[in-house]
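Scroll down for the structure; my scribbles are underneath it.
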There are 2 protein chains.
Amino acid sequence: MVGIDDVARHAGVSTATVSRALSGNGHVSPATRLKVEASAGELGYVVSSTASSLASGRMKNIGVVVPFLDRWFFSSVVEGAQKSLLKNGFDLTLFSLTGGGGERRIVFNHFLLRQRVDAVIAISLELTTTEVATLHALDKPLVGVGGPIEGVRTLTIDDVAVARLATEHLLSLGHTRIAHIGGNEDVDRDFHLPTNRRVGYELALTAAGITPAAELFRPADFTMKSGYQAAIQLLGNPRGRPSAVFAGSDEMAIGVILAARDLGLVVPRDVSVIGIDDHELADFFGLTTIAQFPQGQGEKAVEILLDRLRPGQNQLSSLNTPMPFELLVRSSTARPGE
Amino acid sequence: MVGIDDVARHAGVSTATVSRALSGNGHVSPATRLKVEASAGELGYVVSSTASSLASGRMKNIGVVVPFLDRWFFSSVVEGAQKSLLKNGFDLTLFSLTGGGGERRIVFNHFLLRQRVDAVIAISLELTTTEVATLHALDKPLVGVGGPIEGVRTLTIDDVAVARLATEHLLSLGHTRIAHIGGNEDVDRDFHLPTNRRVGYELALTAAGITPAAELFRPADFTMKSGYQAAIQLLGNPRGRPSAVFAGSDEMAIGVILAARDLGLVVPRDVSVIGIDDHELADFFGLTTIAQFPQGQGEKAVEILLDRLRPGQNQLSSLNTPMPFELLVRSSTARPGE
DNA sequence: ATGAAAGCGCTAACAT
DNA sequence: ATGTTAGCGCTTTCAT
């Protein structure tokens, strides 16, 4: 294994200079830097990350914790983070809490206590005060994505505004009987989505002079199947059937479309459907939706963390950073029939 | 930060004994071990992974490389691997090659050369001989999952057998005009699925005395949309319409079901559909499929790697380990109408 | 079964 | 701008 002193010898400088030249920390004359880089390249030298970390205290590694991995939102955020980290020479250590229970404690005692990461991204996770405090005590920056963490900077779309926009789109088309399929308690516990989406829905309705009807709300668990089942109930009722459905996620919205078809209803002629996400399947189903950009959220999270890791830049930024979203009209929404 | 000598002092032993007691390497009397463990617990001691790695050369970290993350198969394998690694005290460093091109080289020069992992799992990736050689030279065990890597132990289902079983299921129901939607060249390049599935299909047909008809094969890219489009062509033809379709993946199979519905065909009365995977959506669509178990594949990959990492256990096992699969009959297949 | 001590390969403070 | 050098905190021979 070629080490730093091999390079130093070869380039005719000290190890310290090699370290400085290669890491970019400290001043090195351009000529020397070139010489060092040439030597390093020639010898095929690569720093030992362990030795470097031991000496510097930096790991160049950030931990990403997710509840599951096999969901579009989570894996997209992770991909975004990964991409951004790679560019900055950081590794991504993944912790998937699949299985629940014990896993979570193990993860916390495993990577927090072993100091293997410089910072942490928690996706759609509600950390306990203790967990946050532990991280804080170890001086590990933490940012959340898409989940409510007490007192921690969290990146998320403004759920109220998004739901409001979706509902207003339907309203503006002339719909007045608009149903909403939102999260149930289990979802809230598992995904920690703020139930704000329902709030935005009701706000939009009220602003339009419509009183939200209890029978037009259905809880579901964010899967296509649950969206389907909720929609069957909603649309199967021949009296007072809604002319439009706002689903809290695209997967549920697709379930609604499928249910409508099975009931012999044509979308959007008989019923309009709108979702949230811009899931990879949304385009195929012609689903109108409010797009959010999970990859961008992952990238942004990394950006914030790396900023905070840079010495001096210890400014605490605002706690809540609203992320962009965008109405994407496709063919599942239209003016109500007759 | 409480270090190993704090523990040593507190327990009244040497640092070497602490190290041995806590790591399980070397002999320590039960009494001493207990004393050390108590001290460590009391002081809240946790080894510094960097110091430990620097001294021992072990990282307790394995790298997982995937082409994408937001696909059911990939994220499931990763979840399986993660779960299994966690149990063994290993971290998982994720490398997603999303974006292609430069990313790949960076990854290879980034984690191979920095010695940050003890071993590598490559998922559905065709590594170049150079890449494999580099890993080999660095003495990093490597196992592939679901992709063909020259000369490397790879875990995968027997695609020929799987396709054959799927086709035979259809045959045994009495179908004779069986179409197949398989991968196109792009898929082959991106996912490196062996095109063996088509081979198995044709084998089954031939064995049943049926000559595979060219017009009953359609290439697609493994997405729902491409499955839909292929099926529209296949099923839209009023003459010689197949009575059954075997799709190379569940997502495509679901596309087929949707296409059938749009054409006014009833599944399985007018057309039977079978896929491969047991994707999370398969159940919802009542899709008959050949289940494969990606989580299990991830777990198995870890198991093999950890085995190889254990000193002494350097036995090279057989190169090709066929993974289990299983026919799951749901409601999308039946005897052909009249 | 336990202890003493020599590194592991680099970084960063200090000196020049 | 560059060199000298003392650690970083543990693991592992080698003794005992």
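Every chain is numbered from 1, with letters handed out A, B, ... down the list of sequences.
Contacts of A:Ser53 with the nucleic acid, taken as non-hydrogen atoms under 4.0 Å apart, are absent. Nucleic acid contact for B:Ser19: base, since at least one base atom lies under 4.0 Å from a heavy atom of the residue. Nucleic acid contact class of B:Arg33 (heavy atoms, under 4.0 Å, all strands): none. At the heavy-atom level, B:Val18 lies nowhere under 4.0 Å from the strands shown.
Counting only heavy atoms from C-beta on, B:Ser29 has its side chain closest to C:dA1 among C:dC10, C:dT11, C:dA1. Picking from D:dT12, C:dT11, D:dG3 the nucleotide with the shortest atom distance to the side chain of A:Ser52 gives C:dT11. Listed candidates were D:dT12, C:dT11, D:dG3. Nearest to the side chain of A:Ala16 is D:dG3. Picking from D:dT2, C:dA12, C:dC8 the nucleotide with the shortest atom distance to the side chain of A:Asn25 gives C:dA12. Side-chain proximity of A:Arg20 to D:dC10, D:dT2, C:dG3: nearest is D:dT2. Distance from the side chain of A:Ser56 is smallest to C:dA12 among D:dT2, C:dT2, C:dA12.
The distance between atom CE of A:Met1 and atom C1' of C:dC8, rounded to the nearest whole Å, is 14 Å. A:Leu54 places its CG atom 7 Å from the P atom of D:dG9, with the value rounded to the nearest Å. Following rounding to the nearest Å, A:Met59 (CE) and C:dC10 (P) show an atom-to-atom distance of 16 Å. Residue A:Gln115 contributes atom CD, which lies 15 Å from atom P of D:dC8 at whole-angstrom precision. Atom CG of A:Leu22 is separated from atom P of C:dA12 by 14 Å (rounded to the nearest Å). Residue B:His27 contributes atom NE2, which lies 14 Å from atom P of D:dT13 at whole-angstrom precision. In this structure, A:Asp6 atom CG and C:dC8 atom P are separated by 12 Å, rounded to whole Å. Here C:dG7 presents its C1' atom at 15 Å from CD1 of B:Ile4, a figure rounded to the nearest Å.
One finds a side-chain N or O of B:Arg58 lying less than 4.0 angstrom from the OP1 or OP2 phosphate oxygen of D:dT12. Taking only side-chain nitrogens and oxygens, B:Arg9 never comes nearer than 4.0 Å to OP1 or OP2 of C:dG3. Contact annotation: B:Ser14 does not reach the phosphate of C:dT2 (side-chain N/O to OP1 or OP2, under 4.0 Å). Between C:dT11 and A:Ser23, no contact under 4.0 Å exists linking OP1 or OP2 to a side-chain N or O.
By the 6.0 Å contact criterion, NZ on A:Lys83 is open, its count of non-hydrogen atoms from other residues, nucleotides or ligands being 12 or less. By the neighbour-count criterion of 12 heavy atoms within 6.0 Å, atom NZ of A:Lys140 is densely surrounded, having more than that number from other residues, nucleotides or ligands.
Note: A:Ile157 CD1 to A:Leu155 CG = 12.0 Å, rounded to the nearest 0.5 Å.
Cation-pi contact between A:Arg71 and A:Phe74: absent, since separation from the ring centre below 6.0 Å together with deviation from the ring axis within 45° is not met.
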Verify side chain to side chain contact (heavy atoms under 4.5 Å, CB included) between B:Val66 and B:Leu125, making sure each step is shown before the conclusion. CA-CA 7 Å; B:Val66 293; B:Leu125 229 40; over 6 Å; no
A:Asp118/A:Lys60 under salt bridge (charged side-chain N to carboxylate O under 4.0 Å, His left out): CA gap, chis, key distance, verdict: CA-CA 7 Å; A:Asp118 292 319; A:Lys60 299 210 85 173; over 6 Å; no
